[in-house]
Amino acid sequence: EAGVAQSPRYKIIEKRQSVAFWCNPISGHATLYWYQQILGQGPKLLIQFQNNGVVDDSQLPKDRFSAERLKGVDSTLKIQPAKLEDSAVYLCASSIHSRGETQYFGPGTRLLVL
Amino acid sequence: KQEVTQIPAALSVPEGENLVLNCSFTDSAIYNLQWFRQDPGKGLTSLLLIQSSQREQTSGRLNASLDKSSGRSTLYIAASQPGDSATYLCAAGANNLFFGTGTRLTVIP
């Protein structure tokens, strides 16, 4: 069974530029999550999708971050414009449903904003 | 808001030693408690998931316990090996997961 795929693996941009990350979850998983992990910290949930609907985006900085999952499968997370403090690893995870189930994580995209 | 704390932040042990990692959480209204492993530059790998109605889960040399009333979980690793070296994260699960900052484990050959 293929795992969660993410691309790119690394990205370096300058502040005020825009960037987009892509995630393809495990086939058949209805729920998709985007997390931000700052160096030395645990992952923090940015947004959770159930199929193509948003379940929780309470911690997403909506003035600069956006995410979509148009067909209920793969997803993109965008930052525009990026700030220095956005430097982090962006992790995508998926689960069959949502509550109480194991989440499977992708390898992450490491973003450096200069 | 759920707060998850892990102690110690880092731990070094000689190979073969048994060890315990600690996790505490502030809100006992959880669905589950999950333990993950993270290797440098990699994503997270799920190790054990304990449902809120359970007291413990075991997988090989790993045993995780959960005490909801006291807001604590422990991960016990038996007969540690150098390959166990990684960062271990616990996460309290409700509508979403709240992660601790992890314990960085080094097993010395």
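In the text below, chain A, chain B and the rest are named by the order of the sequence lines, each starting its count at 1.
Neither the backbone nor the side chain of Q6(A) comes within contact range of chain B; no heavy atoms are under 4.5 Å apart. Neither the backbone nor the side chain of Q6(B) has a heavy atom closer than 4.5 Å to any heavy atom of chain A. Only the side chain of L89(B) comes within contact range of chain A, judged by heavy atoms closer than 4.5 Å. Within the 4.5 angstrom heavy-atom criterion, no atom of I30(B) approaches chain A.
Side-chain contact, Q37(A) with Q38(B): a donor N or O sits under 3.5 Å from an acceptor N or O.
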Trace of the side chain to side chain contact (heavy atoms under 4.5 Å, CB included) decision for V113(A) with I79(A): CA-CA 11 Å; V113(A) 182; I79(A) 308 175; over 6 Å; no

Should Y76(B) and S65(B) be marked as a side-chain hydrogen bond (donor to acceptor under 3.5 Å, both in side chains) after you check the CA-CA gap, both sets of side-chain angles, and the distance that decides it? CA-CA 8 Å; Y76(B) 175 83; S65(B) 67; over 6 Å; no

Show your reasoning for whether side-chain hydrogen bond (donor to acceptor under 3.5 Å, both in side chains) applies to Q50(A) and T31(A). CA-CA 5 Å; Q50(A) 181 81 12; T31(A) 306; 2.6 Å; yes

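Contact count versus chain A (heavy atoms, under 4.5 Å) is highest, among G43(B), A9(B), G100(B), G41(B), for G43(B).
L84(A) CG to E14(A) CD: the interatomic distance, rounded to the nearest 0.5 Å, is 10.5 Å.
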